[in-house]
Novice: 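My structure is below; once you've seen it, I'll send some questions.
From a predicted model like this one, the values you see are computed outputs, not experimental measurements.
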Amino acid sequence: MGVATAVAITGLVGTVVPTVMSFVQAGNQKKAQRQAESDADKAMQAARKKLEINYYDTLGIQKEPYELERDALLSQGALAIQAGVESERGAAATAGRIQMSMNNAQSGVRTAMGQELSDLAKLSAQEDSRLRDVGTQLDLEEVAGNQLKAANKEELGAMALKQGMEGVTSFGKRLYESAPIFG
């Protein structure tokens, strides 16, 4: 009866250990899953923070070339008026032409600056649109990932529960079969 009891106990222990290990493994999987979810959340927050920055908004036009051009126009205008004063025709004859010429040149400078500012605004708007699209894509991928994670969690939980229940059933069966040995 001693050998039969030892064999029965060994059989029961052989059934209990894998059952307990199944439940321990399920717990470890759950812990690893929580850590992976936490890491994924941190990565998603970092990615979203980077999407908040539109670097085109920080750009500005180079004003120095336009200022230099204006200064050159003013200098040339002053020289032309001085030349007109010293000529036979006088300042009155040349002042109107110089003023019209300077107005046209200044208009060209304003137009060029306006075009450059407009181009920067368009780039900024395009970048805002692109960043919004990337953010939307991240949202969709996050939804898909969460759905996959939920399905995997359900499947792993069902497997661990099934293994645990099989172990409990096997343990109960062995215990029932060993009942006559224990008296």
Side-chain angles (χ1 to χ4, degrees), residues 9-74 103-176:
I9 290 173
T10 303
L12 289 173
V13 169
T15 304
V16 169
V17 170
T19 302
V20 170
M21 292 305 292
S22 291
F23 288 122
V24 169
Q25 184 179 15
N28 288 340
Q29 289 290 356
K30 184 72 170 171
K31 183 178 177 182
Q33 178 185 353
R34 280 193 294 264
Q35 181 61 43
E37 289 171 357
S38 174
D39 293 345
D41 286 343
K42 288 177 187 173
M44 182 62 76
Q45 288 172 2
R48 289 195 184 284
K49 189 168 185 124
K50 289 177 185 175
L51 286 176
E52 293 174 2
I53 301 170
N54 182 343
Y55 291 100
Y56 285 111
D57 288 344
T58 62
L59 295 179
I61 62 170
Q62 292 280 341
K63 292 181 184 175
E64 186 178 357
Y66 298 112
E67 290 171 359
L68 291 174
E69 188 173 351
R70 280 189 185 126
D71 290 345
L73 287 171
L74 290 173
N103 286 344
N104 288 340
Q106 289 289 345
S107 176
V109 170
R110 281 191 306 274
T111 300
M113 281 182 75
Q115 184 61 45
E116 193 172 343
L117 285 170
S118 176
D119 290 346
L120 277 176
K122 285 178 188 175
L123 284 173
S124 180
Q126 288 172 347
E127 183 67 2
D128 283 339
S129 176
R130 188 188 74 79
L131 291 173
R132 185 193 66 240
D133 291 347
V134 169
T136 300
Q137 189 62 34
L138 279 177
D139 289 341
L140 293 174
E141 289 176 12
E142 188 174 19
V143 167
N146 285 338
Q147 289 172 339
L148 180 63
K149 186 175 19 177
N152 286 342
K153 182 178 177 181
E154 184 178 359
E155 185 179 340
L156 288 174
M159 284 175 44
L161 183 60
K162 180 182 176 192
Q163 287 175 349
M165 293 311 290
E166 286 173 354
V168 168
T169 302
S170 178
F171 176 76
K173 183 179 176 184
R174 285 187 181 248
L175 187 61
Y176 176 74

Novice: Rounded at 0.5 Å granularity, tell me how far CD in Gln106 sits from OG1 in Thr111.
Specialist: 11.0 Å
Novice: How about Leu68 and Glu64: do any of their side-chain heavy atoms sit closer than 4.5 Å?
Specialist: yes
Novice: Give, for atom CG of Asp133 and atom CG of Asp128, the distance between the pair rounded to the nearest 0.5 Å.
Specialist: 11.0 Å
Novice: Working to the nearest 0.5 angstrom, can you tell me the gap between Lys162 NZ and Met159 CE?
Specialist: 8.5 Å
Novice: Can you check whether Met165's main-chain N or O pairs, donor with acceptor, with Thr169's side chain at less than 3.5 Å?
Specialist: yes
Novice: To the nearest 0.5 Å, tell me how far Leu138 CG sits from Glu142 CD.
Specialist: 8.0 Å
Novice: Hey, mind stepping through Glu67 and Arg70 against salt bridge (charged side-chain N to carboxylate O under 4.0 Å, His left out) and telling me if it holds?
Specialist: CA-CA 5 Å; Glu67 290 171 359; Arg70 280 189 185 126; over 6 Å; no
Novice: Ignoring hydrogens and angles, state whether a donor on the side chain of Gln115 or Asp119 is under 3.5 Å from an acceptor on the partner side chain.
Specialist: yes
Novice: Are any non-hydrogen side-chain atoms of Asp71 and Glu69 less than 4.5 angstrom apart?
Specialist: no
Novice: Are Arg130 and Glu127 close enough for a salt bridge, meaning some N to O gap below 4.0 Å?
Specialist: yes
Novice: So Val109 and Leu73, do their side chains get closer than 4.5 Å, heavy atoms only?
Specialist: yes
Novice: Any idea which heavy atoms bring Leu131 and Ile53 closest together, and the distance?
Specialist: CD1-O, 3.5 Å
Novice: Find the distance between CG (Leu140) and OG1 (Thr136) and round it off to the nearest 0.5 Å.
Specialist: 7.0 Å
Novice: Is there a side-chain contact between Glu116 and Tyr66 (heavy atoms, below 4.5 Å)?
Specialist: yes
Novice: Measure the spacing between OG of Ser124 and NZ of Lys122 and express it to the nearest 0.5 Å.
Specialist: 13.0 Å
